[in-house]
A.B. asks: 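There's a structure below that I have some questions on.
This structure is a prediction, so every number in the text was calculated from the model and none was measured.
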Amino acid sequence: MGFMALHAWLGTGNLAEAERELERIMANANAPENVCVGAAEVYLASAGPEAARKVLVALAARCRAGGAAAAVRVVTTVVDGGIGSPGRARAIGELVSDERVVALFDGPANTSHRGAMHTLLWNCGFEHFNAKNYDTCADLFETSMLYLSREEGSRARRAQCLRVLAVCYLALQRLDRAHEFVNEADKVEHNAHCAFMKIKIHLQKNDEDEAIKQIKTMMGCIDFNPTFLMLTTHEAIACKAVRVAVASLTFLLGLYSAGKPMPEREVTVLRTLIELLRREQGTEDEILKYSRRAKLRMSDLGAEGFFGNGPGGARELNWFASNSWNMGRKVAKEQKYDLSAEFFELAAEFFGAASNDEGDGNRPTLCKALIMSVTSMLEAEELNNSPLSDCDVKKGVDMLSRAGKLLPSIWPSGSVASDQAEANDFLFLHTFYSYQLLDRMDTSAHPQQLQLVKNFASSKACTPSHLLKLGKTASEGTPPNLLVAEFSLKASIKTALASHSPNYRVISAALRNLACLAGLQDLSGSKSDAVYDVYRQAYQILVGLRDGEYPCEEGQWLAVTAWNKSYLARRLNQASVGIKWMKMGLDLSRHVESMKQYTADMEQCLEYFQKLFHSEAGEHALLGKNPDECSQQEGAPSTSMSGSMSQPVLV
């Protein structure tokens, strides 16, 4: 009758009378427990979850044997009414955390009901977790643990709850609280999941050293697998902890072995690792280390075996090739030539693997990489003052020989000036460094060097500047290759003069070097008039030029050195030669603006010396002697400039 009366009051909407009727039912000792539970469910369906706490406490006091089952049924009814709002979810948490309600589930007879209540609360918490209501779901997860026993069988479930609570507080940025929960979980069940959670917390705290230590701990867990390292890498990248991400990938690379299943392909791990290292300063050595590993694995497994086949594999291979090329250029600009030599060599290996018998679009870059590798080797030798070993010289010769076969591929198909200039430069570099490596051999290589330079001089890539540099290098060799030096310098002057707008700075430098070279040959007695011929050619070039068109300092050098040679000739009792050089110095001075202030004194000195020479010549003619064979008389005038013009200094 009470149950029917309860229904009637609820039907009329009179909740107050319905509540009083429910209280009478609960107070009736003769009312079966299932009737009490049914009445409570009917009442809560209309009254809502706000009344649940009072009803559930009444049930706890009324029901003895079936109290746990009744509580589960009541809470299920409340949950079915909706828990979407944080307020209602919090009310449920407060409801089931009451000590009197929890006490209903004591004893082994209530194990299944305890599990049902835990699952019910867990699912509620998970719903709010998905909705990112982390405060609410943390309360529900923590409350659900009241319905877990502390027996051995519940250890895994308890550890899971603690880890999930750590995730919730981590999401709320309550890092210390999250750390407490994950430490508790680790005590209950030590595994890789706990270690990974600690890594996440350390990353949020920006404690990279502790995060790296925890990675090592995680790898020692019995349930560890390489996937955890990939997850750690993603977390570290998200937190911009590059050092931790690099450490994680480094550990992961150490786990690769033949036939072992891994969460990611080795080439992808290497590429990601190199990309991360590029974000940091001073990591060129590490990048080179892992680029070498990629090249070694390519050699072991083959290009397709390591990089993969199809377009994806081609993209991976081209990435490593391009990265090695770019790194080579970067460190070369920083004058780290030892590193750039290896990077360019690796680039050549990768581009070579990407080429189909060196017959596709990678050929130009392959050729350039080979040349740049040798260039860096020789630059490093000069910078470090450390001679190349015979093995390195042989390797350089082999690389340039291989590049020589590919040189035609670097010529641009279009007529873009910048592309053409770059191609010219690479052909020159190939010639220049081939010459230098041949110079490491004995003098029997001199004919090869001459032919090499002649071949370059006949190419379209040749410029006067290139020939000037080749000439200077040949003249400064140990020993110098005079034939190559003379040919290059003369060709430089000829080529420059033949152009529409001659570069007189190049011409003047070539003339100076050629004059010094001719002087060297004069001392050896091979060419007596070689030096004078150079000065005469310089004079012919100067005649007719506008002021300033020929470099002033170079013109002054020509005039001064020509005049000074007359003094040396006079000291050697070669008066006619001295007059010849004085005339040359005077003629050159008339065409050099900075020397015109001295021409009057020079003319006076020349006139005086000519008179003296002719006077002496007459006397010696009477005696039947050549004046150049006679010693200079004591008190004879010097041919050096005196008075207003002191003896010039070489510039």
A.B. asks: Just how far is it from atom CG of Leu170 to atom CZ of Arg163, taken to the nearest 0.5 Å?
C.D. replies: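 Interatomic distance, Leu170 CG to Arg163 CZ, rounded to 0.5 Å: 14.5 Å.
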A.B. asks: Ignoring hydrogens, what is the shortest heavy-atom contact between Arg278 and Thr283? Give both atom names and the distance.
C.D. replies: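 Heavy atoms of Arg278 and Thr283 come nearest at N-OG1, 4.3 Å.
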A.B. asks: Rounded to the nearest 0.5 Å, what separation is found between the NZ atom of Lys289 and the CG atom of Leu277?
C.D. replies: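 Reported to 0.5 Å precision, the distance equals 9.5 Å.
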A.B. asks: Are Arg177 and Glu142 ion-paired here, with the side-chain N under 4.0 Å from a carboxylate O?
C.D. replies: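 Result for this pair is yes, salt bridge flagged.
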A.B. asks: Assess whether atom CZ of Arg243 is packed by more than 12 heavy atoms of other residues, nucleotides or ligands within 6.0 Å.
C.D. replies: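 Yes.
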A.B. asks: NE2 of His190 to SG of Cys221: how many Å apart, nearest 0.5 Å?
C.D. replies: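 So the NE2 of His190 and the SG of Cys221 are separated by 3.5 Å.
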A.B. asks: Grab the two heavy atoms, one from Phe129 and one from Cys168, that are nearest each other, plus how far apart they are.
C.D. replies: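 Scanning both residues completely, I find the closest heavy atoms to be CD1-SG, 3.9 Å.
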A.B. asks: Does the gap between the ring centers of Trp325 and Phe343 come in under 6.0 Å?
C.D. replies: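 Ring-ring flag for Trp325/Phe343: false, centres at least 6.0 Å apart.
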A.B. asks: Let me confirm one number: the CG-CD distance from Leu165 to Glu180, rounded to the nearest 0.5 Å.
C.D. replies: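 If we round to the nearest 0.5 Å, Leu165:CG and Glu180:CD are 11.5 Å apart.
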A.B. asks: Where is the tightest heavy-atom contact between Val267 and Glu316, given as atom of each residue plus distance?
C.D. replies: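 Minimum heavy-atom separation between Val267 and Glu316: CG2-OE1, 4.1 Å.
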A.B. asks: Can you tell me how the ring of His202 sits relative to the ring of His179, calling it parallel under 30°, perpendicular over 60° and tilted otherwise?
C.D. replies: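 His202 vs His179 ring planes: perpendicular.
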A.B. asks: Can you check whether His113 and Tyr147 have ring centres sitting under 6.0 Å from each other?
C.D. replies: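 When the ring centroids of His113 and Tyr147 are compared, they turn out to be at least 6.0 Å apart.
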A.B. asks: Nearest 0.5 Å, please: how far is CG in Leu162 from CE in Met145?
C.D. replies: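 Answer for the CE-CG pair, Met145 versus Leu162, is 4.0 Å.
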A.B. asks: Applying ring-ring contact (aromatic ring centres under 6.0 Å, His included), run through Phe228 and His193 and close with a yes or a no.
C.D. replies: CA-CA 8 Å; Phe228 281 108; His193 292 85; 5.2 Å; yes
A.B. asks: Supply the atom-to-atom distance Leu229 CG to Met262 CE, rounded to the nearest 0.5 angstrom.
C.D. replies: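 Here the rounded value is 8.0 Å.
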A.B. asks: Below 6.0 angstrom between ring centroids: does that apply to Phe320 and Phe307?
C.D. replies: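 Yes.
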A.B. asks: For a side chain to side chain donor-acceptor pair (under 3.5 Å) check, start with the C-alpha distance between Thr143 and Ser97, then their side-chain angles and the critical distance, and finish with the verdict.
C.D. replies: CA-CA 6 Å; Thr143 302; Ser97 60; 5.3 Å; no
